[in-house]
Amino acid sequence: MAMTSALRDVFDRPVLQVAPTLLGQIIEHETPEGLVAIRLTEVEAYDGPNDPGSHAYRGRTNRNAVMFGPPGFVYVYFTYGMHWCMNLVCGPDGHPSAVLLRAGEVIEGVELARSRRPAARTFRDLARGPARLVQALDVGKECNGLDACDPASPLRFRPARPVPRSRIRRGPRVGLANGAERPWRFWVDGDPTVSIYRPHTPKRRRSGESVSHE
DNA sequence: CCATTGATCGTCT
DNA sequence: GACGATCAATGGT
């Protein structure tokens, strides 16, 4: 079937163009428990083969396969042994780029989101961070490969008024060992739900563990 | 507010 | 075998 729709056109452009326009727009997940909707306040762009910070930098693997498909689909990955994060695939079919959804404001289903985020002390912490956002939505690996542009998909993109360019800031990406300096993180200036910046910290070896040759 | 640290396992080399 | 596109708890200022 032809993969065309006005909604998909939002994502079928270079990822650096798409990323800032997603701010202010909405991602929502409908489950048997109910609906949670989040207005995006922070995202990061990852540009496949040219980007040492991207999961697609070293080519296609089983994990990143969705990134190599058509735009508007959901790429979910597992990290740090315990967290899930979600992206929306951008660019033309075959170009592995995507936008990581880093933070947002819960605008529907606040009580449900709270029940899924017992550690969140405040409203603003419900989706303040990529793994937190995914937890508030109850997204996991079963959502990998879903079409966010299909109105029948449980996990879908809902267009809304984008944030004006004048209120958008950009800066280095978070938590990357390589490519962090590229200013491909975009956020809504002054929004309390934007995540706290943490630079990459290499993993420390526990004392007593051997150090390889050197 | 800030800095530090442990948790935990899929993925790739 | 090493390392994460992270978070929460803790303790200090």
Side-chain angles (χ1 to χ4, degrees), chain A residues 15-16 18-19 22-23 27 38 40-68 73-91 96-104 106 113-145 170-187 192-214:
Chain A
V15 66
L16 285 174
V18 176
L22 297 185
L23 298 176
I27 187 78
I38 293 178
L40 299 173
T41 59
E42 180 187 358
V43 298
E44 271 175 3
Y46 288 86
D47 192 9
N50 312 309
D51 178 5
S54 170
H55 287 166
Y57 184 53
R58 294 174 210 286
R60 181 181 182 135
T61 66
N62 191 54
R63 173 175 70 160
N64 65 23
V66 176
M67 289 183 78
F68 288 76
F73 282 69
V74 176
Y75 166 47
V76 176
Y77 69 91
F78 182 65
T79 192
Y80 287 101
M82 63 199 94
H83 298 301
W84 300 93
C85 297
M86 74 172 286
N87 297 253
L88 295 173
V89 175
C90 293
S97 59
V99 172
L100 172 68
L101 308 186
R102 284 200 55 88
V106 178
R114 270 194 201 285
S115 72
R116 292 167 173 167
R117 292 265 308 117
R121 299 184 156 274
T122 62
F123 169 76
R124 81 174 196 172
D125 280 345
L126 287 174
R128 193 190 193 200
R132 292 165 165 184
L133 179 148
V134 149
Q135 197 180 336
L137 290 171
D138 193 26
V139 161
K141 74 169 172 230
E142 67 284 352
C143 295
N144 190 42
R170 64 187 293 177
R173 293 179 292 182
V174 176
L176 300 190
N178 302 300
E181 68 290 348
R182 301 188 185 197
W184 292 355
R185 172 184 182 233
F186 300 87
W187 67 91
T193 64
V194 172
S195 75
I196 298 157
Y197 180 79
R198 290 191 189 84
H200 175 73
T201 52
K203 181 165 261 188
R204 290 162 298 279
R205 221 177 295 274
R206 288 182 300 182
S207 62
E209 267 181 81
S210 62
V211 179
S212 64
H213 50 73
E214 182 87 25

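Below, chains carry the letters A, B, ... as their sequence lines are ordered, and counting in each starts from 1. Since the model is a prediction, treat every value here as computed from it, not as a measurement.
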> Can you list the stems that include DNA chain B, where a stem is three or more consecutive Watson-Crick or G-U pairs with distances under 3.5 Å?
Replying inline: B:1-7 with C:6-12, B:9-12 with C:1-4

> Contact class for Arg102(A) vs. all strands (heavy atom < 4.0 Å): base, sugar-phosphate, or nothing?
Replying inline: sugar-phosphate

> Does a nitrogen or oxygen in the side chain of Thr61(A) sit under 4.0 Å from OP1 or OP2 of dC12(B)?
Replying inline: yes

> Mapping Arg121(A) and Met67(A) onto DNA chain C by nearest heavy atom, which one lands closer to the 5' end?
Replying inline: Met67(A)

>> Any side-chain N or O of His55(A) below 4.0 angstrom from OP1/OP2 of dA5(C)?
In response: yes

>> Can you classify the ring geometry of Trp84(A) versus Phe78(A) as parallel (below 30°), tilted (30 to 60°) or perpendicular (above 60°)?
In response: tilted

> Is the CZ atom of Phe123(A) crowded by more than 12 outside heavy atoms at less than 6.0 Å?
Replying inline: yes

> Would you call Arg173(A) and Asp51(A) a salt bridge, using N to O less than 4.0 angstrom?
Replying inline: yes

> Does Arg128(A) have a side-chain nitrogen or oxygen under 4.0 Å from the phosphate oxygens OP1 or OP2 of dC7(C)?
Replying inline: no

> What residues in residues 179-186 of chain A put a non-hydrogen atom under 4.0 Å from any atom of DNA chain B?
Replying inline: none

> How is Gly175(A) classified with respect to the nucleic acid when contacts are heavy atoms under 4.0 Å: base, sugar-phosphate, or nothing?
Replying inline: sugar-phosphate

> Nearest nucleotide by nearest heavy atom, which residue falls closer to the 5' end of DNA chain C, Ala177(A) or Gly129(A)?
Replying inline: Ala177(A)

> Can you find a donor-acceptor pair, distance only, under 3.5 Å between Tyr77(A) side chain and dA5(C) base?
Replying inline: yes

> For the residue pair Val74(A) and Asn144(A), what are the closest heavy atoms and their distance?
Replying inline: O-OD1, 3.5 Å

>> Any base atoms under 4.0 Å from Phe78(A), or only sugar-phosphate, or nothing? Heavy atoms, all strands.
In response: sugar-phosphate

>> To the closest 0.5 Å, what do you measure between OG1 (Thr193(A)) and CZ (Arg132(A))?
In response: 11.5 Å

